[in-house]
Structures are given as C-alpha cells and as structure tokens.
Amino acid sequence: MSYQILTPQTLPEYLLSIPAIRDFFGDDAIEAEEIGDGNLNYVFVVRSAEHPQKSLIVKQAVPYLRCAGEGYALSRERMTFEIRALQGYTCHAPKVYHADEAMSLVAMEHLKDHAILRKGLMEGVRYPLFADQIGDFLAETLFKTSSLYLPSDEKRRLIDRFNANTELCRLTEDFVFTFPYMENETNQIEPQCRAEAEALFKDVEFKRKILGLKYLFMNRTDALLHGDLHTGSIMVNEHETFVIDPEFAFVGPFGFDIGALFANLGSAYISHFYRSGDEAYRAWLLETIRQVWERFEAKFLELWRQTPSSALLTPGYLDAEALEPFRRDFMVEILRQSAGFAGCKMARRVFGIAGVEEIRGLEDPAERKEAMMRALATGRALVMAHDSIDSIDRIVEIVEKA
Ligand code: ADP
Ligand code: MG
C-alpha cells in the first residue's frame, strides 16, 4: 500500500488486511482510538470490539512535526529507523506485530499496565527493578551492535541501515548541542532568567567542551543508539521496563543514551527538592543513577568476556588477561562520554526548546528559577569535568551537589 495518513475510521480496514494482525484478533471486529500525547506522531489503541482487553498500539508518522502543524515539515522516514530499532531490540522493548516502512507505521504490544517513567518519577514512585532492567537493555543493545561483538562487515551494514536518519540527527545537533547555548529564536528563556542565559552564552570554556561532545556525537559510530532515551521514552511498572519511541535511532557514541538517562534522573532529583521535599526519594534517585551504571558495566563486561571473536578482536591476538587493562580503560571512556552527554542534556533543557516537565512545570516562579539554575549548574559541572571523571561516584557526587 502506498503511503496515506490513516485515521481511526480507516485504520481497522488496513489492519485487517494483514495476516499477523488478523491472527492476533482472531475473527473479532476492531476499533481504533487515537491516544497520542506525543509531539511527533499519531498513536492509536486498536481494540477487539468483543474482547476489549485484547489490544495493540499502532503508531504512524506523518510528514510534518505534529505539535507544530503541517507547516513544519519533517520527513516521515523517521519511522523507518524506529521500526528497524524496535525490530533489532532483543529485550525490554514492545513486541512488534507488524511494520510497514512504506506506510511509516508500526503495530506493537500495548503496554497497558505500565506508566511513562517521567510521570511516575514526578509522583515519587519507586521502581525496584528499573535500574537493573535498563542497565541490561543498555548493555545488550550497545554491546551487541558494536565492533566488540559484530564482525566487521555486519557492523558496516548496520551503520548503513541507520545512516540516513539525517533529519533527526540534525535536530539533536541543533537542539542539544548548539541553540540552547547561544541566542536563538527557538530558545525559551523566562525573563527572570535572562541574565543567567546571557552569561551562559558567553561562557567560552563551557562552549568549547560542548563542541568536543558535539563532534563526538557526529563522528563516532560505536553502537546503535536509541537516540532520545529520556524518561518519557521509557514505560515501567513494579516488575517490568520497556523502551519505546526510538525514532532518533542511529549509530553513535556509546555514552549518549546512558548520558540521557543520567540527565533525566538528575532533573527528577532536582525537581524533588520542590515537588515533594522527600530526601529519601532523592537518595533513591541518586542510587538509581549509580545502579544503572554498575549493572550496565557488569553486564557489558560479562558479554565482552564471553565473546572471543569480533571485528575488533581476532582470536590469538591477545590473551584474556592481557586484555583486561584495555577493557578497564574502555569502560572509563564510556563513563566519561556518559558524563559529558548527561551534562549537555541537562543544560540544554534549561533555556532550549523542550524543557523537562518536572522542572518547567514547577508553578512557583522563584522555585522554578532555582531548580533551573541547579540543573544548569549540574549540567555545566558534568560537561566541564567529564573528561577527567573516573568513577560513577564522582558523577553521583556532582548531581548530589546540585
Ligand atoms: P512520539 O514519537 O509522538 O513522541 P511516543 O512513541 O512517545 O510518540 O508515544 C506517545 C505516547 O503514546 C506515549 O507517551 C505513551 O503514552 C503512548 N504509547 C506509545 N507506545 C505505547 C505502547 N506500546 N503501549 C502503551 N502506550 C504507548
Ligand atoms: Mg517521539
């Protein structure tokens, strides 16, 4: 079928023409309802009329930025990369039932009993398994799409499959690494923060460090990234963790997704000075940052030690013992990248286009300003220190000092 934008009226007929979807629903009639709170795409719940608990999520990209309207073109091919990433994930992602790159559409498992992590964290909910599960997700996806696991030809083919996600990579280059640190019409600077914004725009030492990180983002092809792994792209409950919405997927530096996660946990931490004042919850958030890293590192090394041959390593080249110092240095390098990207991701949310709800949504202007300045100071400190950081403790300490 050639591309057309589907609606709750036209979606059922399209879906029932697909065998995998008919298998899922049996002979039931189905109904679609649009639920998207998303900024970019249309998201529908599709339910069996007879058995409403039987449902799927269908997501379709349109050739413009949904929140900005049809005047803001953004090619719908972003869905191609979301589909490829979802299909490539081996754990902690919704099952894909049907994908149609030509229609820029995917039908996936409906996560009915899960909340968006950002919302849960704003409400002060603890997710006891989250840190380990997301640590596993990061280790699995980053390790198994890297040259530490894949043979050389497969790794290059992987890069090819994601190389054309140019528009969304460009959005990150602009909105994470550039505009939030200079005068730009897309910034959202409250009048009460004007002086602080102008000081940031003149902070040449900070801006030079950001350039280094932007260069890394643009030129490293370590592993397949989610590309936008903030707490709004994760769905959780007490037992399970799922990663959704990988439309920014591309092959980039190891530390980028880890950094995004640290930054969002850091923003949640800062917001709880005001939202709840709950010190124990803030401590849990800090502990979560530490636990994500520790689990990721342990799992990544475990996978690596089980992999005798890869694009990087030819059997017989170095024995296992001689490799260990290389592995240790390698993990420190990932940690440093993660700290640097976490810093960018925190700082960019302060004056840039898309703030985080937990901070921008604080109603009291004085509190909001204080929270923003804490986020900026933390982001800046991470960026400035990132290339000399050598333990997760140091990152936690910087966030705690906020
Ligand atoms: P966008 O790319 O437009 O931001 P998302 O993929 O983030 O779209 O989806 C928007 C919202 O739809 C999510 O915040 C979530 O509430 C809901 N959603 C998306 N995928 C699922 C899913 N598999 N199960 C349940 N809800 C989902
Ligand atoms: Mg999205």
Side-chain angles (χ1 to χ4, degrees), residues 5-6 8 11 15 20-21 24 32-48 52-70 72-87 89 91-99 101 103-123 125 133 137 165 167-169 171-172 175-176 225-237 239-250 257 260-261 264 349 353-358 361:
I5 294 175
L6 294 173
L11 189 55
L15 288 174
I21 303 279
F24 181 86
E33 178 195 350
E34 217 237 299
I35 57 147
D37 57 355
N39 294 326
L40 273 75
N41 305 292
Y42 285 88
V43 179
F44 306 89
V45 183
V46 180
R47 283 196 180 83
S48 151
Q53 74 284 5
K54 226 196 260 180
S55 54
L56 290 176
I57 289 283
V58 175
K59 181 169 171 185
Q60 187 178 39
V62 290
Y64 51 86
L65 190 62
R66 184 182 168 189
C67 60
E70 296 187 33
Y72 197 107
L74 187 67
S75 76
R76 63 185 170 80
E77 278 67 33
R78 60 187 186 270
M79 179 54 74
T80 302
F81 306 102
E82 176 158 348
I83 290 169
R84 292 178 185 180
L86 284 174
Q87 288 177 328
Y89 291 152
C91 60
H92 299 297
K95 179 175 156 120
V96 172
Y97 285 86
H98 166 68
E101 291 187 4
M103 284 288 282
S104 301
L105 176 147
V106 62
M108 65 185 131
E109 179 180 355
H110 182 193
L111 305 168
K112 290 195 255 318
D113 310 314
H114 305 75
I116 291 287
L117 177 60
R118 187 184 305 285
K119 308 264 185 224
L121 296 183
M122 284 171 68
E123 289 163 15
V125 182
Q133 292 177 341
F137 168 84
N165 203 1
E167 267 179 281
L168 295 208
C169 285
L171 286 182
T172 303
F175 292 106
V176 176
L225 301 177
H226 177 282
D228 194 24
L229 194 60
H230 56 80
T231 43
S233 295
I234 298 174
M235 296 189 73
V236 279
N237 63 23
H239 311 288
E240 292 178 305
T241 300
F242 286 87
V243 169
I244 62 166
D245 198 17
E247 64 194 326
F248 282 77
F250 78 110
D257 286 347
L261 201 54
N264 279 264
R349 298 285 202 172
I353 189 170
V356 288
E357 194 184 344
E358 57 268 34

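Atoms within a ligand are numbered from 1 in the order they appear, just like the ligands themselves. Every heavy atom of this structure was used, including side-chain atoms; hydrogens, water molecules and symmetry mates were not.
- When only modelled atom types and interatomic distance are considered, Q60 and S104 share no side-chain donor-acceptor pair under 3.5 Å.
- Geometrically, ligand 1 and L111 share a nitrogen or oxygen pair separated by less than 3.5 Å.
- Polar contact with ligand 1: present for L40 (N/O pair, distance under 3.5 Å).
- Remark: ligand 1 atoms within the under-4.0 Å shell around heavy atoms of K59 are 1 (P), 2 (O), 5 (P), 6 (O), 8 (O).
- Under a 4.0 Å heavy-atom criterion, H114 is not in contact with ligand 1.
- Those atoms of ligand 1 with a heavy atom of M235 less than 4.0 angstrom away are 25 (C), 26 (N), 27 (C).
- When the side-chain contact (heavy atoms from CB on, under 4.5 Å) test is applied to K54, the partners found at least two apart in sequence or on another chain are F24, F25, D28, S48, H51.
- For a threshold of 3.5 Å applied to N or O pairs, the pair formed by E109 and ligand 1 contains at least one separation below that value.
- Salt bridge status for E358 with R118: present, with a side-chain N to carboxylate O gap under 4.0 Å.
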For a side-chain hydrogen bond (donor to acceptor under 3.5 Å, both in side chains) check, start with the C-alpha distance between R76 and N41, then their side-chain angles and the critical distance, and finish with the verdict. CA-CA 9 Å; R76 63 185 170 80; N41 305 292; over 6 Å; no

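- For Y42, the ring pair (Phe, Tyr, Trp, His ring centres under 6.0 Å) test picks out no residue, with sequence neighbours left out.
- The pair R47-E33 counts as a salt bridge, with a side-chain nitrogen and a carboxylate oxygen less than 4.0 angstrom apart.
- In summary, the atoms of ligand 1 found under 4.0 Å from a heavy atom of H110, numbered by their order in the structure, are 24 (N), 25 (C).
- Panel note: side chain H226, backbone I244; a donor-acceptor pair is recorded below 3.5 Å.
- Counting heavy atoms under 4.0 Å from ligand 1, residue N41 touches it through both backbone and side chain.
- At a 4.0 Å heavy-atom cut-off, ligand 1 touches E247 through the side chain alone.
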